[in-house]
Student: 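Got a structure for you, written out below as structure tokens; questions coming shortly.
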Amino acid sequence: MIRRGDDWSLEYNDGVVVGRFGAEMPLSAFEQEAFPAFEEILTRHRDDIVATADRVKLENAIGDDVLEIWEAAARESSQLPNYERAALVADGILKHGLKRQLRVPDAEIETFEDLDRAIHWARTGEQ
């Protein structure tokens, strides 16, 4: 299952929800498009999702409204029965800001330089 918008995509693949958020993605798309798509994927694959892996490349600074949506997505993930891990791929301070917003009880959160490694870790828990 995959959902796409202008320079973003969300895909469920073998236990992992993989998000790709590109530099040209309008920040308004987080709330208006990506979050509803995320909720749809969570609803459809609720019992099978073990992790999320997100690559975030944004040129504009992320405002509080986008960080609130990111935190809401983390809360939704924490309600899944088998959710264990969140992997993030982003540059510099963005990586740390997003990781700080992911407050998911009983889940590991790691940052990576490469999306393929992030997906592998998210799926298996192995570096």
Side-chain angles (χ1 to χ4, degrees):
M1 172 179 208
I2 188 166
R3 297 291 179 257
R4 290 191 170 109
D6 290 338
D7 207 22
W8 68 269
S9 69
L10 285 165
E11 174 182 13
Y12 171 77
N13 187 328
D14 192 23
V16 180
V17 178
V18 179
R20 294 172 177 90
F21 305 100
E24 300 299 318
M25 178 186 181
L27 293 179
S28 62
F30 272 100
E31 180 177 18
Q32 298 167 3
E33 299 171 26
F35 188 67
F38 179 74
E39 288 181 312
E40 179 186 356
I41 291 171
L42 262 57
T43 298
R44 182 171 291 176
H45 298 284
R46 176 177 177 74
D47 293 336
D48 301 319
I49 296 171
V50 296
T52 53
D54 295 308
R55 184 195 71 213
V56 183
K57 291 184 177 185
L58 298 176
E59 291 180 0
N60 298 323
I62 292 182
D64 289 341
D65 51 341
V66 172
L67 290 175
E68 287 175 17
I69 295 164
W70 199 268
E71 189 172 19
R75 281 193 307 271
E76 297 250 352
S77 297
S78 73
Q79 301 302 308
L80 298 172
N82 299 306
Y83 190 81
E84 298 177 6
R85 290 175 287 282
L88 294 168
V89 178
D91 293 328
I93 196 163
L94 176 59
K95 178 186 331 185
H96 302 294
L98 293 175
K99 183 176 179 180
R100 196 172 54 247
Q101 288 301 116
L102 284 176
R103 297 183 193 110
V104 184
D106 302 321
E108 293 179 74
I109 302 168
E110 294 290 337
T111 59
F112 295 85
E113 300 296 320
D114 175 78
L115 184 58
D116 289 335
R117 287 188 61 222
I119 293 169
H120 174 76
W121 175 82
R123 185 172 288 124
T124 66
E126 299 171 359
Q127 294 270 353

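These numbers come from a predicted model, not from an experiment.
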Student: I would like to know whether K57 and D91 meet salt bridge (Lys or Arg N to Asp or Glu O under 4.0 Å); could you show each step before the answer?
Tutor: CA-CA 7 Å; K57 291 184 177 185; D91 293 328; over 6 Å; no
Student: Using 0.5 Å steps for rounding, measure from the OG1 atom of T52 to the CZ atom of R85.
Tutor: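 The distance works out to 10.5 Å.
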Student: If Ile, Leu, Val, Met, Phe, Trp and Tyr residues are connected whenever their side-chain heavy atoms lie under 4.5 Å apart, and connections chain through other members, are M25 and F38 in the same group?
Tutor: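 Yes; F38 is reachable from M25 via cluster members.
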Student: Would you please test L88 and F112 for side-chain contact (heavy atoms from CB on, under 4.5 Å) and show each step?
Tutor: CA-CA 6 Å; L88 294 168; F112 295 85; over 6 Å; no
Student: Decide yes or no on side-chain hydrogen bond (donor to acceptor under 3.5 Å, both in side chains) for E110 and W121, but give the supporting numbers first.
Tutor: CA-CA 9 Å; E110 294 290 337; W121 175 82; 5.6 Å; no
Student: If you count heavy atoms of other groups shown closer than 6.0 angstrom to CG of D114, is the number above 12?
Tutor: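 Yes, CG of D114 has more than 12 neighbouring heavy atoms, counting only those of other groups under 6.0 Å.
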Student: Would you call L80 and L42 a side-chain contact if the rule is heavy atoms closer than 4.5 Å?
Tutor: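 SC-SC contact between L80 and L42 confirmed.
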Student: Does R46 reach the side chain of P81, with side-chain heavy atoms less than 4.5 Å apart?
Tutor: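 They are in side-chain contact.
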Student: What distance separates R20 CZ from W8 CH2, expressed to the nearest 0.5 Å?
Tutor: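 Rounded to the nearest 0.5 Å, the CZ-CH2 separation comes out at 12.5 Å.
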Student: Can any side-chain N or O of N82 pair as donor or acceptor with the backbone N or O of V50 at less than 3.5 Å?
Tutor: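 The answer is no, because no donor-acceptor pair under 3.5 Å joins these two groups.
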Student: In terms of hydrophobic clustering (I, L, V, M, F, W, Y; side-chain heavy atoms under 4.5 Å; direct or indirect links), are I69 and I109 co-clustered?
Tutor: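 Yes, I69 connects to I109 through the hydrophobic network.
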Student: How far apart are the closest heavy atoms of F21 and D54, and which atoms are they?
Tutor: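 Result for this residue pair: CE1-OD1, 3.7 Å.
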Student: Taking all atoms of both residues into account, what is the closest heavy-atom pair of E113 and V89, and its distance?
Tutor: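 For E113 and V89, the tightest heavy-atom pair comes out as O-CG1, 3.8 Å.
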Student: Just verifying a value: how many Å separate E40 CD and R3 CZ, rounded to the nearest 0.5 Å?
Tutor: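 Reported to 0.5 Å precision, the distance equals 4.0 Å.
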Student: Roughly how far, to the nearest 0.5 Å, is CD of E84 from CD of E108?
Tutor: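 It is 8.0 Å, given to the nearest 0.5 Å.
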Student: Before giving the answer on side-chain contact (heavy atoms from CB on, under 4.5 Å), spell out for I119 and R117 the whole-Å C-alpha distance, their side-chain angles and the decisive distance to 0.1 Å.
Tutor: CA-CA 5 Å; I119 293 169; R117 287 188 61 222; over 6 Å; no
Student: To the nearest 0.5 Å, what is the distance between CZ on R75 and CD on E68?
Tutor: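 R75 CZ to E68 CD: 8.5 Å, rounded to 0.5 Å.
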Student: Dump the intermediate steps for side-chain contact (heavy atoms from CB on, under 4.5 Å) on V18 and L10, then the final yes or no.
Tutor: CA-CA 6 Å; V18 179; L10 285 165; over 6 Å; no
Student: Where do A23 and D7 come nearest, in terms of heavy atoms and distance?
Tutor: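 Scanning both residues completely, I find the closest heavy atoms to be N-OD2, 3.2 Å.
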Student: Heavy atoms only: give me the nearest A87-A118 pair and the separation to one decimal.
Tutor: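 Distance-wise, the nearest heavy atoms are CB-O, 3.6 Å.
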Student: Got a second to check how far I41's CD1 is from Y12's OH, nearest 0.5 Å?
Tutor: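 It comes to 10.5 Å.
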Student: Under a 4.5 Å cut-off applied to non-hydrogen side-chain atoms, are H45 and M1 in contact?
Tutor: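 H45 reaches M1 side chain to side chain.
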Student: Between Y83 and V17, is the side-chain contact (heavy atoms from CB on, under 4.5 Å) condition met? List the steps.
Tutor: CA-CA 11 Å; Y83 190 81; V17 178; over 6 Å; no
